[in-house]
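Every chain is numbered from 1, with letters handed out A, B, ... down the list of sequences.
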Number of protein chains: 2
Amino acid sequence: MKRLTLEEIGQIAGVSRSTVSRVINGHPNIRPAVRQRVEDVIRQTGYQPNSAARSLASSQSRVFGLVMPSLMQSAFADPYYPMVIQAISHACNQHDYTPALFLFQTLEEEEKTSQRIVASGMIDGLIVTADTIESTFVSKIQQYDIPFVQIGRPLQSSIAEISYVDVDNEAGAYLAASHLIQLGYRRIGQLATAHNIAGAHRDAGFRQALADRSLPVDESLIEVSDFSEAGGYDAMRALLERGPEAVFAHSDAIALGAIRAIRDRGLKTPNDIAVVGFDDMPLAASADPPLTTVRQPIYRTGTLAVETLIDIVKTSPAPARHIVLPVELVIRASSGAVN
Amino acid sequence: MKRLTLEEIGQIAGVSRSTVSRVINGHPNIRPAVRQRVEDVIRQTGYQPNSAARSLASSQSRVFGLVMPSLMQSAFADPYYPMVIQAISHACNQHDYTPALFLFQTLEEEEKTSQRIVASGMIDGLIVTADTIESTFVSKIQQYDIPFVQIGRPLQSSIAEISYVDVDNEAGAYLAASHLIQLGYRRIGQLATAHNIAGAHRDAGFRQALADRSLPVDESLIEVSDFSEAGGYDAMRALLERGPEAVFAHSDAIALGAIRAIRDRGLKTPNDIAVVGFDDMPLAASADPPLTTVRQPIYRTGTLAVETLIDIVKTSPAPARHIVLPVELVIRASSGAVN
DNA sequence: ATAGATATTGAGAGCGCTCTCAAATTCTTG
DNA sequence: CAAGAATTTGAGAGCGCTCTCAATATCTAT
């Protein structure tokens, strides 16, 4: 199947290259009859404009980069990222953008690839997930004038200039902790995560909930974990020594690991120790026991990131957009409120 | 930061556009002194060739498409796909290719997007995952002359012309079933998956193992599930009515669901019913009980898909490549062979 | 030193599109 | 129905690169 050009389509339809271009790009001021004729030829031939030529002439590619900097192997086991990717992919398809994927497992990989993508003009905008506090990726791309939005909140230092879509982690943790407090638990532990801003916000919400009830925070009841099930298991094992009555885990995977640790110790959830998670992944509802957790709109986050980026690209230079999505507490058996 | 062009780099280095181009593309026959000078200028200016112009002139984009056609929501919950994506992303970075992601949740989405990507010249090659038997995506892109490799085996009808990277599902299932037989189980059930070729192969291997020991296959002990934990739970509940002694699940997620169903019924794994899974996901080792499972080299599959595609692109037209990777049985507690 | 071979460089013509600007056509209106 | 306004169309330049081909510089052997 030989690839046709604008010129050839014009020839067939009896018009010039320019006119065909206008039809394709939906410009006004074309006689309906001509537009019809050209559209027919395009449909019949299955013509598809060459994207490289288009990019070169218009200096925009309709490609968005999805960057996940300094991604740990483990992070991908958590269904959070797959869900974000799925949402972004879908939104891009919807708006005729192509998502290009950049996962960086090492700093070296990040260095090598990032300059290529940012400076080559291959990409119209970037969606960056902000996981680790240490990541320097965002500050690096700020030096280029490429539009981007971050998923998750940026560091305080640059929060004003950066567009982001985030969920209200602080409120979510506040809800979770309040729920446990209301149920009468007092020795409430936390299976926290470090090095990520979401974790810092969840920690803050947790502490605020306790403070608002004038309860002290027992630092010895806070264990740090990564986002994996295994991490939750290990952290909970350590925490068990100090006899918590309930724990708030920073993710459902961690919560599941915690429940397993509790069971392995011969104890029961929630009878002996109540557990609340964060995310509301599909597995949460069918866990044993079903998990009380903070539901965050992951899919919506991805969709909004794309839509925000499109908006920024269109109106650039544009003021930074800040979107924070609400979360809700989903009460199930693991916290002891229902069976 | 103003974007430079080849011409300008040449000006600075005191050579022509052509020479700079040669340096960048590693052509021979450039005086070392000149090459050095040009490279210095490139490094100092941080020059990056415009990828659209490059694509247009050379008619290759160094972009690969990663297509997952007719993807069910649930499929992504299984860590299989995320792992494949991660492997492909990494291999692409390594070889200076950019992976573009195309996930299709509906046939409509597939139709709309697929023509755009194959016919626009935006993409040099395609990696396609073959999940459902019904998918028509592969037969559609065969009509274009775009290089592609499939992950998973194609349908018998077109297997000769299509390049693929697959794991030996049949051998894996054979190993799993043989293991259970050797342990003395006779009423061996299967939590199978339908509509996918991998599932068909696993089913075949399972049957072969029984046949080789002259054991009959009890069709009533075969339940169909999707690839999710919840699916495994439901299928196992149904299967429990028929009193199997052991089950072979087509994925670890299914196996985990089965174990939960068994526990909910007040029975124990493996004491009452042995379970073997397939995949060896990270969670398998830390499951309760740890899961005996067939380990498939998922990451390697992704890497090889990229490398094979690069090879095909380079030598096109090329004969189809067929790669089938070995699997191994990982014996843990859930099958009752160890504690 | 010099012809001939070889290595190195530059000029020029595209790649297929967009976009501006001027030409051609059609529509108004007195 | 002509003149001016408004609409519709086409020609041409250029986006920044690659690649061929011819020109120039360098090397070799006599």
query = What parts of residues 20-30 of chain A reach DNA chain D, counting only heavy atoms under 4.0 Å away?
reply = A:Arg22, A:Asn29, A:Ile30

ask   = Is it the case that more than 12 heavy atoms not belonging to B:Glu161 sit under 6.0 Å from its CD atom?
value = yes

task = Would you mind building the protein contact string for nucleotides 22-27 of chain D? One character per nucleotide, 5' to 3', B for base within reach (heavy atoms under 4.0 Å), S for sugar-phosphate only, - for untouched.
result = ----S-

ask   = Do A:Arg17 and C:dT18 share a donor-acceptor pair, side chain to base, under 3.5 Å?
value = yes

query = OP1, OP2 of D:dC17 versus side-chain N and O of B:Tyr47: anything below 4.0 Å?
reply = yes

query = D:dG12 C1' sits how many Å from A:Glu7 CD, rounded?
reply = 12 Å

key: Aromatic ring pairing B:His322/B:Tyr164, orientation class (parallel under 30°, perpendicular over 60°, tilted between)   = parallel

task = Please determine which of A:Val38, A:Val15, A:Val23 meets the side chain to side chain contact (heavy atoms under 4.5 Å, CB included) test together with A:Ile30.
result = A:Val23

ask   = Tell me: CG of A:Leu56 to C1' of D:dC17, nearest whole Å?
value = 8 Å

task = Just call it for B:Ser18: base, sugar-phosphate, or nothing, with non-hydrogen atoms closer than 4.0 Å on any strand.
result = base

query = For the side chain of B:Thr19, counting heavy atoms from C-beta on, which of D:dG10, D:dG16, C:dT9 is nearest?
reply = C:dT9

query = Does some side-chain heavy atom of A:Thr129 sit less than 4.5 Å from a side-chain heavy atom of A:Gln150?
reply = no

query = Nearest nucleotide by nearest heavy atom, which residue falls closer to the 5' end of DNA chain C, B:Ala53 or B:Pro32?
reply = B:Pro32

ask   = Are B:Arg62 and B:Asp124 close enough for a salt bridge, meaning some N to O gap below 4.0 Å?
value = no

Divergence of helical axes at both termini of the helix from C:dA1-D:dT30 to C:dG30-D:dC1 - five pairs an end, 10° steps = 30°

ask   = Which nucleotide in the set C:dG14, C:dT9, C:dC17 lies at the smallest distance from any side-chain heavy atom of A:Pro49?
value = C:dC17

query = Checking side chain to side chain contact (heavy atoms under 4.5 Å, CB included) for the pair A:Asp166/A:Leu325: CA distance, chi angles, key distance, verdict?
reply = CA-CA 6 Å; A:Asp166 195 11; A:Leu325 297 172; over 6 Å; no

note = Ranking C:dG10, D:dC15, C:dG14 by distance to the side chain of B:Val15, first place goes to C:dG10

inquiry  = Could you go through B:Ile9 and B:Ile24, starting from their C-alpha distance and side-chain angles, then the distance that decides it, and tell me whether this counts as side chain to side chain contact (heavy atoms under 4.5 Å, CB included)?
reply    = CA-CA 11 Å; B:Ile9 297 295; B:Ile24 287 174; over 6 Å; no

ask   = Any side-chain donor-acceptor pair under 3.5 Å between A:Arg54 and A:Asn25?
value = yes

inquiry  = Can you measure A:Gln60 atom CD to C:dC19 atom P for me and round it to whole angstrom units?
reply    = 8 Å

Criterion side chain to side chain contact (heavy atoms under 4.5 Å, CB included) against A:Ile127, the qualifying member of A:Val84, A:Val67, A:Ile151 = A:Ile151

key: Pair A:Asp40 + A:Arg43: basic N to acidic O under 4.0 Å   = yes

query = With distance as the sole criterion, do the side chain of A:Ser16 and the base of D:dA11 form a donor-acceptor contact below 3.5 Å?
reply = no

query = Once you round it to whole Å, what is the distance between C1' of D:dC17 and CZ of B:Arg3?
reply = 15 Å

message = Using 30° and 60° as the class boundaries, would you call the ring planes of B:Phe64 and B:Tyr97 parallel, tilted or perpendicular?
response = parallel

ask   = How close or far is atom P of D:dC17 from atom CZ of A:Arg54, stated in whole angstroms?
value = 21 Å

